[in-house]
Student: 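Sharing a structure below in structure tokens format, with a few things to ask.
The model shown is predicted, which means the values in this text are computed figures rather than measured ones. Below, chain A is the first sequence line, B the second, and so on; all start at residue 1.
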Number of protein chains: 2
Amino acid sequence: MDHAAPPFPAPTTVEEFRDRLSALSDSLPRRMRQCADFVAANADRIAVSTVAELAAGAEVPPSALMRFCQIMGFSGFSEMQKLFRDAYTPGWPDYSTRLRNLKDNGAGSPAALLAEFVEAGRLSLEALAKSVDEAALEAAVARLAKAETVHVVGLRRAFPVASYLAYVFEKMSVPAMLHDGVGKLDHRFALRPGDALLAITFAPYSEETLTLAQDARARGLPVVAMTDHLTSPLARLADAVVAVPEVDFGAFRSLSATIAMALALAVAVGSARDEASTG
Amino acid sequence: MDHAAPPFPAPTTVEEFRDRLSALSDSLPRRMRQCADFVAANADRIAVSTVAELAAGAEVPPSALMRFCQIMGFSGFSEMQKLFRDAYTPGWPDYSTRLRNLKDNGAGSPAALLAEFVEAGRLSLEALAKSVDEAALEAAVARLAKAETVHVVGLRRAFPVASYLAYVFEKMSVPAMLHDGVGKLDHRFALRPGDALLAITFAPYSEETLTLAQDARARGLPVVAMTDHLTSPLARLADAVVAVPEVDFGAFRSLSATIAMALALAVAVGSARDEASTG
DNA sequence: GGATGAATGGAATAAATATTCCAAAACGTC
DNA sequence: GACGTTTTGGAATATTTATTCCATTCATCC
């Protein structure tokens, strides 16, 4: 037998494709490896590229890429490309068309503003998906899951997020306290040993939030930060930092990414605690 | 001169392309019209289709589609396709790839949860862009812009949105009052003639919010509703209704769409008032 | 109703693109 | 360091896909 026919049937979904990719990639010769790596990182470009373009991107000759397609179980490149072209449609049937129409209502019109904020939100979410540090996120969850009571603080622009966190924690039966600054009471002494603080602030950083974080840290309590950069003043005070990129339109943040992150954090903490108590 | 050479230079961006499309589409013979209509509705598929496929979709022979490309100012189909292939990349460089990788961390892991919430938020935003009723939005803005003080109410899940609205109104110097239910004080008598109420609630509808809306209506004040359906109990009490579709993941709303709408509303109201006072 | 010009469809051609094949190189083994 | 095996690169070929051209149809105006 010459160069054995594909031992696998061809993947029929992008999911299957990725599964096979990660299954194979360990036992692959050098050039094939390059193909696999490049394809994994640029899967979305397969649909709109030629063999020659992809091969150039992966820095291999076209024939190597052809061989790669066959190793993946396809008859050739065209069959592989078809998979990605078919899978491409979902996402925006006419979403961008619609956005454009909204903006055509004239700059400053409510509909045009809405289109801008929708776009900002979407960009924020995409940026978040791309930039999230999974290890940092898990570290944050671990800290909060061990706390007796989770204290949440976030003021001004961060307050909507903080209040939503408090709501979700309550729904998940996680003991939590929202530090909302009502009556200028700072409640700093509500933080007891065994508790943890989840602090949220973005540039320009809120003084009160930083102060409370500082205070918690001084007393040896774990501080988890949700902020805009790893270099923010809050990050320096924290034991675990979750960075959330957020796109502004005009003076205002979309908060979409921040809220998505807050939800993930809260739900993960909630289920971690459930497992700890029932398991 | 035979069939005149393209009088236009080729569009260099998708925007320009659409502009030309709507400029031309009135003065086009039948088959060209079919091409234009189909392309307008399926612009996103140009990048991944062949001439034959698109022609079939538009129900014209391939040669008609070729001519259409030339009328649009391109040398041929390939040049037109190149525009869309290039424009295709920036949208989601590897966003969906990344989401998949996050989900691969295992169901229930923080990263996987985050991926789900990001996806829910994105879907919400897209649904909002598609479903928004521009006239209703403008009506809502008009009502609020005329009010002396804007009263904002939203409790539980809607509270983050309400509090963000209050923040934005403040930043834009719009007199606004947040009804937050602190101390179970309902502050209903703070609503004075000339004011308006912006009420936010989603199923299951919050009793207190409905009560306040009812009260405002009984006293003849305009009520603007932000809610999930035109049939919600709040909608019946309102003079203007803004419906916001929102996708849940698990038990929790992403709020992305709701916040985008809230921002658009608040900023539009803010600038409308500016114009009224300075103009 | 016939002449004129634009519009159309399909078949022929040109170009681009994928695919195969084989000789040369690299690698590991004895 | 020679031998068999695997991997590689590039040139030759096959296939698909875009593009052109022209005969025919359709509409319009005289």
Student: Does NZ or CZ of A:Arg253 come closer than 6.0 Å to the centre of the six-membered ring of A:Phe202, within 45° of the ring's axis?
Tutor: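 So A:Arg253 does make the cation-pi contact.
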
Student: Just the rounded figure in Å: distance from C1' of D:dA18 to CD of B:Gln81.
Tutor: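 Rounded to the whole Å, the gap is 10 Å.
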
Student: Only pairs at least two apart or in different chains count here, so list each salt bridge (charged side-chain N to carboxylate O under 4.0 Å, His left out) that has a residue in residues 72-83 of chain B.
Tutor: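 Passing the test, one end in residues 72-83 of chain B: B:Lys82-B:Asp86.
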
Student: Only counting residues at least two apart or in another chain, list the ones meeting ring pair (Phe, Tyr, Trp, His ring centres under 6.0 Å) with B:Phe17.
Tutor: B:Phe84

Student: Between P on D:dA27 and CE on B:Met32, what's the gap in Å once rounded to a whole number?
Tutor: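 Distance, rounded to whole Å: 15 Å.
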
Student: What pairs with A:Phe38 under ring pair (Phe, Tyr, Trp, His ring centres under 6.0 Å), at least two apart in sequence or on another chain?
Tutor: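 Here no residue qualifies.
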
Student: One pair to check against side chain to side chain donor-acceptor pair (under 3.5 Å): A:Gln70 and A:Ser75. What are the steps and the verdict?
Tutor: CA-CA 6 Å; A:Gln70 286 161 357; A:Ser75 68; over 6 Å; no

Student: In this structure, how many angstroms lie between the P atom of D:dT19 and the CE atom of B:Met72, rounded?
Tutor: 15 Å

Student: Specify the separation, in whole Å, of atom CZ of B:Arg33 and atom C1' of D:dC26.
Tutor: 19 Å

Student: Hey, does the side chain of A:Ser256 reach the backbone of A:Leu125 with a donor-acceptor pair shorter than 3.5 angstrom?
Tutor: no

Student: Strictly below 4.0 Å, N to O, side chains only: are B:Arg122 and A:Glu126 in salt-bridge contact?
Tutor: yes

Student: To the nearest angstrom, how far is B:Phe77 atom CZ from D:dT17 atom C1'?
Tutor: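 Rounded to whole Å, this separation is 10 Å.
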
Student: Considering only heavy atoms, which members of residues 58-67 of chain A lie under 4.0 Å from some atom of DNA chain D?
Tutor: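 Those residues whose heavy atoms fall under 4.0 Å from DNA chain D, taken from residues 58-67 of chain A in numerical order, are A:Pro61, A:Ser63, A:Arg67.
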
Student: Between atom CZ in B:Phe68 and atom P in C:dG9, what is the gap in whole Å?
Tutor: 15 Å

Student: Picking from C:dT8, D:dT19, D:dG9, which would you name as closest to the side chain of A:Arg31?
Tutor: D:dG9

Student: Strictly below 4.0 Å: does A:Gln70 bring a side-chain N or O up to OP1 or OP2 of C:dT20?
Tutor: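 So the side chain of A:Gln70 is within the cut-off, an N or O lying under 4.0 Å from OP1 or OP2 of C:dT20.
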
Student: Using whole Å, what does the distance between atom C1' of nucleotide D:dG9 and atom CD of A:Gln34 come to?
Tutor: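 That distance rounds to 13 Å.
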
Student: Using modelled atom types and a 3.5 Å cut-off, is there a donor and acceptor pairing between side-chain atoms of A:Asp133 and backbone atoms of A:Val242?
Tutor: no

Student: Would you say D:dT19 has OP1 or OP2 under 4.0 Å from some side-chain N or O of B:Ser78?
Tutor: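 Answer yes for this pair, as a side-chain N or O of B:Ser78 is under 4.0 Å from OP1 or OP2.
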
Student: Heavy atom of residues 50-57 of chain B under 4.0 Å from DNA chain D: which residues?
Tutor: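 Those residues are B:Thr50, B:Val51, B:Ala52.
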
Student: Holding to ring pair (Phe, Tyr, Trp, His ring centres under 6.0 Å), I want the full list of residues that pass it with B:Phe252, two or more places apart in sequence or in another chain.
Tutor: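 Scan of B:Phe252 (ring pair (Phe, Tyr, Trp, His ring centres under 6.0 Å), adjacent residues dropped) gives none.
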
